[in-house]
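The structure under discussion appears below in the form of structure tokens.
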Amino acid sequence: MNKSYPHISGKLHLTGSSHFIADEIPLPEMLYAKFLFSPVAHANIIELDISEANAFPGVEKVITAADIPGINQIGLVIQDEPLFPEKEIMYIGQPLAMVLAQDEKIAEAAVKLIHLKYEELPPIFEIEEADEKGEWYVPERKIESGDVQKALTESEFILQGITETPTQEHFYLETQRCRAIPGEDGQIFLHTATQSTMEVQEVVSRLLNLPANHIIVEVPRLGGAFGGKERGGTIWATMAALGCFLTHKPVQVLLEREEDMRSTGKRHPFQGRWKVGFDARGKIEALDIELLSNGGAYADLSIAILERAMFHAENAYFIPNVRIRGRACRTNLPPNTAFRGFGAPQAIYIIEYIMEQIAQKLQLDPLKLRELNAYRSGDITPYGQKVMESNFPAIFERLAKNSNYLQLKEEVEQYNALHKDRKQGLGIVPVKFGISFTTTHMNQASALLWIYIDGTASLTTSAVEMGQEVSTKCATVISEILGIPFEHIRVECSNSQRVGNSSPTAASTGTDLNGNASRIAAEKIKSHLLPIAQEMLKNQGIACELEEICFKDGTVYSSDYPEKKIEFKDLIRQAYLSRIPLGAYGYYSTPSLSFDREKGKGSPFHYFVFGAALAQVQIDLLTGEHQILKVYIVHETGNSLNEDIDRGQIEGAFIQSAGWCTCEEIPRNGKGHYRAINPSTYKIPTVRDLPLNIQIEMISSGSQYASIFGSKAIGEPPFIYGLTVWFAIQNAIKSVVPQALLKFPATPEAILLALQREKEFD
Ligand code: MTE
Ligand code: HPA
Ligand code: MOS
């Protein structure tokens, strides 16, 4: 493979010429939407009086649940979420009414004239309370293998605890938005910030009681999503569509940052209640764990997220006796949703916390302990999938070598012995990440490829471009198969008319699914072109078999006579004149996936991504601040389609996760108001928080268990590596206070608090 393909959007982003929804020019008669958001977490609506707002000059219409022509229901997995609540308000920030006006200022002023009377109901915010009251979307799920009870009673050592992870705001640069434009004969065009054109089409069509072919969904590109637009965009797109349907005018819905941060769901907080049994060497015999998540007001994707968490509860470790029970709990917070890792980071943090506890108890080296327990090829996961081609323990060996582990450990110990006010620590975390949507039917994608008469190409796939450069990777596939120069391939935006029934671009499967669909489309066209090329070469005196014909760099030739080339564009013109189809549709579905939810058994993943990371962190005992000194990552990419893009994904995921672990915190007051709803109170990492040094080794396994051209998915697995920062901080603290309890995230306050335990116990 030619490894030097450029990043398609790079040039556009750099010159500020890439197009997002908000870059579209205002349309004549366009109406601007503003919302009345609920000020309470749980209440019954007694009265919602819109008459004054409706009469306000410049207001076109105030819309409530009563105006919905179809079914007031935007839920998909479980149908429990109204667009506007009719009676019961379920969370702070829930939209209750929408004002459409000539401009935003008028709409804002009119929102203040809506009179809401409500009767407060007792809210639930915490996992424990929801769980005690049985507030689950579905009954408990279970995955089990071996005999946990027996193994626990026979274990030499037992530890148990409760470990929690908090929420995280997506902080995509582009907030939620949609533009709806009326078309001919009842059609509605939606320019939407969504990862899922199909979901928006399906939900809008149900809510408006219109056939799906009336709703056209287009996504130019997203200014980041990170899972926050897999479902999160649907409600706002539906609002815009409803406004457009009722007024027959273009409608723009666009959330301000504070509105977005207050109203939209985030990463699920999790609680793990665990008991682990192990022997004196540190070999884990049994793990009994309950995973509970805080799903917020409506089910959204909580059930699938819990399921992925359960599939990652043992992370990279083979444990012979396991019981994993999971319950997703309903609370009165905005419906929590997909966020990079989709439950796996939460579960992996918990098992890695357990590993650290075992290492401390037995005074074992944390790397050795992990190596000892890591999956080997052929081991079976608790849900019954065989782990093929495990790259452990080789990955640990690479990590130890790259970081000069033994020496680094000594250096840290020396540093800590010499410094009173500063301490260092190391954190190590491996990952085994399952690739495929755990909801099996979603593992499908389509591609529509046209070769125009001049030899240039237009490709549309099911995928949405959100910065991960799935476009570059799909174009790479086309270029490799048809030899079309990269600059002659245009990857179009997602559009439900060109490619329908698209699964969300998520679960890190964008390139696996859409790259394969693109491959199939390109191969179809190639199969039509081959006989024409053979004929054209013959006319030049070159007789060759079809298999000998090569497509490369805009030319076509026989492998025996590489100097005698025909131009690709001449071949295309000839094919057109010969009435050969130059457009093709490719469809791909991931083979041999299965999972039985009732039994908790099957092979839900096409393959696993393996890797490990080590971070060296320094903390300041006086201020509680930390600095990430060095990070080593060994990550298995398979035969990477684009190493630069993959490196960007690894670095981005690392720092996004380090932010979750150290500085991103959303406190809540007693009424359930999020206290961090803008960048001045919610701290995401900045360039100054980056590791001083980051060394990434990508290993190409030549794996059979991979996807398009032997590559492996990259989007989410590296998010796990950021956890090393939390564990490194914990170890730095433990060098002073061995029994310290560090909160998550490890903010300066949390670090100082953890250090104070020394005083308490002195
Ligand atoms: N990278 C950028 N720049 N922006 C994003 O929004 N989303 C992440 C990851 N990388 C995201 C990103 C998430 S949550 C997923 S699931 C994958 O990209 C989705 O794209 P892919 O399947 O094409 O990798
Ligand atoms: N990952 C991301 N999104 C999803 C999944 C998944 O496993 N299943 C359903 N939606
Ligand atoms: Mo990613 S959380 O699967 O969009």
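When a ligand or atom number is given, it counts from 1 through the structure's own listing order.
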Report yes if some heavy atom in the side chain of Met198 is under 4.5 Å from a heavy atom in the side chain of Ser503; otherwise report no.
-> no
Nitrogen or oxygen contacts under 3.5 Å, ligand 2 side and protein side:
| unit_1 | atom_1 | unit_2 | atom_2 | d |
| --- | --- | --- | --- | --- |
| ligand 2 | 3 (N) | Glu230 | OE1 | 3.1 |
| ligand 2 | 3 (N) | Glu230 | OE2 | 2.9 |
| ligand 2 | 7 (O) | Arg308 | NE | 3.1 |
| ligand 2 | 7 (O) | Arg308 | NH2 | 3.0 |
| ligand 2 | 7 (O) | Thr438 | N | 3.2 |
| ligand 2 | 10 (N) | Glu230 | OE2 | 3.0 |

Glu716: numbered ligand 3 atoms lying under 4.0 Å from its heavy atoms | 1 (Mo), 2 (S), 3 (O)
Does the ring of Phe171 carry Arg257 above it, NZ/CZ under 6.0 angstrom from centre and within 45° of its axis?
-> yes
Could you go through ligand 1 and list every pair where one of its N or O atoms sits under 3.5 Å from a protein N or O, giving the atom names and the distance to one decimal?
| unit_1 | atom_1 | unit_2 | atom_2 | d |
| --- | --- | --- | --- | --- |
| ligand 1 | 1 (N) | Gln649 | NE2 | 3.1 |
| ligand 1 | 3 (N) | Gly467 | O | 3.4 |
| ligand 1 | 4 (N) | Met466 | O | 2.9 |
| ligand 1 | 6 (O) | Ala225 | N | 2.8 |
| ligand 1 | 6 (O) | Phe226 | N | 2.9 |
| ligand 1 | 10 (N) | Arg340 | NH2 | 3.3 |
| ligand 1 | 10 (N) | Gln649 | OE1 | 2.8 |
| ligand 1 | 20 (O) | Gln468 | NE2 | 3.1 |
| ligand 1 | 22 (O) | Thr509 | N | 3.1 |
| ligand 1 | 22 (O) | Gly510 | N | 2.7 |
| ligand 1 | 23 (O) | Gln468 | NE2 | 3.1 |

Stacked cation flag Arg267 on Trp660, 6.0 angstrom / 45 deg = yes
Give the atoms of ligand 3, by number and element, whose distance to some non-hydrogen atom of Ala506 is under 4.0 Å.
-> 3 (O), 4 (O)
Arg221 side chain reached by Glu174 side chain, heavy atoms, under 4.5 Å | no
Would you call Leu333 and Tyr91 a side-chain contact if the rule is heavy atoms closer than 4.5 Å?
-> no
Short list, please: which atoms of ligand 3 are under 4.0 Å from a heavy atom of Phe339?
-> 2 (S)
Determine whether more than 12 heavy atoms belonging to other residues, nucleotides or ligands lie under 6.0 Å from atom CZ of Arg597.
-> yes
Do the non-hydrogen side-chain atoms of Glu144 and Val322 ever get within less than 4.5 Å of each other?
-> no
Identity and distance of the protein heavy atom lying nearest atom 3 (O) of ligand 3 | Ala507 N, 2.6 Å
Taking NZ, NE, NH1 and NH2 as the nitrogens, is one of them in Glu716 or Arg340 under 4.0 Å from a carboxylate oxygen of the other?
-> no
Side-chain contact test, heavy atoms from C-beta onward, threshold under 4.5 Å: evaluate it for Arg325 versus Arg141 and give yes or no.
-> no
Is the closest side-chain heavy-atom distance between Cys329 and Asn294 below 4.5 Å?
-> no
Test ring pair (Phe, Tyr, Trp, His ring centres under 6.0 Å) applied to Phe595 and Phe437, Phe311, Phe605, the passing residue = Phe311
Enumerated ligand 3 atoms positioned under 4.0 Å from heavy atoms of Arg340 = 2 (S)
Do Glu492 and Arg498 meet the salt-bridge criterion of a basic N to acidic O distance under 4.0 Å?
-> no
Closest approach of any protein heavy atom to atom 4 (O) of ligand 3, naming residue and atom | Gln195 NE2, 2.9 Å
For ligand 3, which atoms sit closer than 4.0 Å to a heavy atom of Gly227?
-> 2 (S), 4 (O)
Validation row: Leu14, Lys11 side chains within 4.5 angstrom (heavy atoms) = no
